[in-house]
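Structure first, commentary second.
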Amino acid sequence: MLTRKALSQQQEKDWFMFSSGLMLRVSSDYIAMRLLHLLEPLTCTPTIAVMMVDVAEKSLKLHLAVHTQTIAALAGIVKKYGHNLEALRNACADISPVFAEDDVRAFTKDLNDHDGKLYQQLRYGAQKTTDGFKTNLSSLRPVVDKIFCESVLCLPEEIRKVLVYSSPIKQLLVRSTFDQSRHPIELTDALRRDNADFDRLNEYCHRIEAEQAALLATVHAARIPEAGDVQL
């Protein structure tokens, strides 16, 4: 069962804490979405469709939170945008023009109300869904890939580096000792398969891992000799 973990101090309610938590969750959601789409696209279509919308929403909120850097990021974004992906996309397009491209616009154009009525129908299977909705997951997936990767890779470098470095997706791709994946090869394959944005994301994760390793090596080589060290 779920239990609440006691904290020694109250968490800061600022944009960075919100963005850090969101990066953790959207990375995990993105990996899960791609794996499920690879393994069971037909049986799990209703679940995958909702996951795609959820990944897109979290990605856009992450992008917006980092760029606006408000104190109460979660409360502010939820109050202003709710589940309105079209409004989120439009706000992100003012920051990064990639979100104004036709495929991204087409993805969000009907997800355009604060309460996310279509999103809720997809999630809960409301009776209104008998009126019908249709989608092609293979057509949607590249757009979700784009939204996720651009939301992350278009962040300012110093913030992007911190957020990506501790993310599950980076730990997986570089095969970090902190990675907890039981099936890293299969997960990496699910991320790579038919993913036009994979190489950029993969290269960035490996680059910041190499930079950190080089920095640690430099610090270790330049450390102050301790008592008992042999001086030659």
Side-chain angles (χ1 to χ4, degrees), residues 5 7-9 11-35 55-56 58-71 73-74 92 95-96 98-99 144-193 195-232:
K5 182 178 179 181
L7 298 178
S8 59
Q9 60 183 19
Q11 284 187 304
E12 289 184 81
K13 296 180 180 180
D14 64 6
W15 66 271
F16 185 76
M17 294 300 297
F18 173 62
S19 300
S20 298
L22 200 50
M23 184 67 196
L24 173 69
R25 286 158 180 78
V26 74
S27 295
S28 181
D29 289 347
Y30 180 62
I31 295 169
M33 180 208 80
R34 271 204 143 262
L35 179 64
V55 167
K58 286 176 179 161
S59 298
L60 293 171
K61 285 179 176 177
L62 170 67
H63 194 74
L64 191 60
V66 170
H67 279 280
T68 54
Q69 298 189 12
T70 57
I71 295 176
L74 173 59
C92 290
I95 301 166
S96 303
V98 67
F99 299 113
V144 180
D145 292 336
K146 183 182 198 176
I147 292 172
F148 172 78
C149 292
E150 295 294 344
S151 291
V152 173
L153 295 178
C154 287
L155 296 176
E157 171 60 14
E158 291 308 309
I159 301 171
R160 173 179 60 182
K161 185 182 297 184
V162 173
L163 293 179
V164 174
Y165 189 83
S166 58
S167 69
I169 201 164
K170 178 262 180 185
Q171 309 290 24
L172 169 66
L173 291 178
V174 304
R175 302 297 296 272
S176 167
T177 55
F178 297 105
D179 179 40
Q180 300 182 41
S181 305
R182 295 184 179 181
H183 304 284
I185 295 175
E186 291 80 2
L187 290 178
T188 302
D189 183 55
L191 289 173
R192 179 185 291 110
R193 189 80 62 92
N195 189 345
D197 299 285
F198 175 80
D199 287 344
R200 290 174 59 219
L201 182 63
N202 187 49
E203 187 278 330
Y204 182 73
C205 290
H206 278 84
R207 176 162 66 82
I208 61 175
E209 176 72 2
E211 288 176 357
Q212 181 68 11
L215 177 61
L216 291 176
T218 301
V219 171
H220 179 74
R223 71 180 180 87
I224 299 174
E226 299 177 357
D229 284 353
V230 177
Q231 300 292 319
L232 299 178

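Numbers here simply count residues along the sequence, with the first being 1. Only this structure's heavy atoms are used, side chains among them; waters, hydrogens and symmetry mates stay out.
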- [ ] Grab the two heavy atoms, one from Leu163 and one from Phe16, that are nearest each other, plus how far apart they are.
- [x] CD2-CE1, 4.0 Å
Task: side-chain hydrogen bond (donor to acceptor under 3.5 Å, both in side chains) involving Ser28 - partner list, sequence neighbours excluded - done: none
- [ ] Say whether, by atom type as modelled, one donor and one acceptor occur between the side chain of Ser96 and the main chain of Val98 under 3.5 angstrom.
- [x] no
Task: Under 3.5 Å donor-acceptor, His206 side chain and Asn202 backbone - done: yes
Open item on the list: Please find the pair of heavy atoms, one from Tyr30 and one from Leu191, that lie closest to each other, and give the distance.
Closed with: CE2-CD2, 3.7 Å
- [ ] Calculate, to the nearest 0.5 Å, the distance between atoms NZ and OG belonging to Lys58 and Ser27 respectively.
- [x] 10.5 Å
Open item on the list: Any heavy-atom pair between the side chains of Arg34 and Arg192 that's under 4.5 Å?
Closed with: no
- [ ] List in chain and number order the residues that pass salt bridge (Lys or Arg N to Asp or Glu O under 4.0 Å) with Glu211, two or more places apart in sequence or in another chain; answer none if no residue qualifies.
- [x] Lys161, Arg207
- [ ] Nearest 0.5 Å please: distance from the CG atom of Leu64 over to the CD atom of Gln69.
- [x] 11.0 Å
TODO: State the NZ-CG distance between Lys170 and Leu201, to the nearest 0.5 angstrom.
DONE: 12.0 Å
- [ ] Please say whether the positively charged group of Arg160, taken as NZ for Lys or CZ for Arg, lies over the ring of Tyr204, i.e. under 6.0 angstrom from the six-membered ring centre and within 45 degrees of the axis.
- [x] yes
TODO: With sequence neighbours excluded, tell me which residues meet side-chain hydrogen bond (donor to acceptor under 3.5 Å, both in side chains) with Gln180.
DONE: none
- [ ] Over all heavy atoms of both residues, which pair between Trp15 and Val66 is shortest? Give the atoms and the distance, please.
- [x] CE3-CA, 4.1 Å
- [ ] Indicate yes or no: at least one non-hydrogen side-chain atom of Cys149 is less than 4.5 angstrom from one of Phe198.
- [x] no
Task: Contact summary for Ser167 and Val164, nearest pair of heavy atoms - done: OG-O, 2.7 Å
TODO: Taking all non-hydrogen atoms of both residues into account, name the closest pair between Cys154 and His67 and its distance.
DONE: O-NE2, 3.6 Å
Open item on the list: If you compare all heavy atoms of Met23 against all heavy atoms of Leu62, which two are closest, and at what distance to 0.1 Å?
Closed with: SD-CD2, 3.7 Å
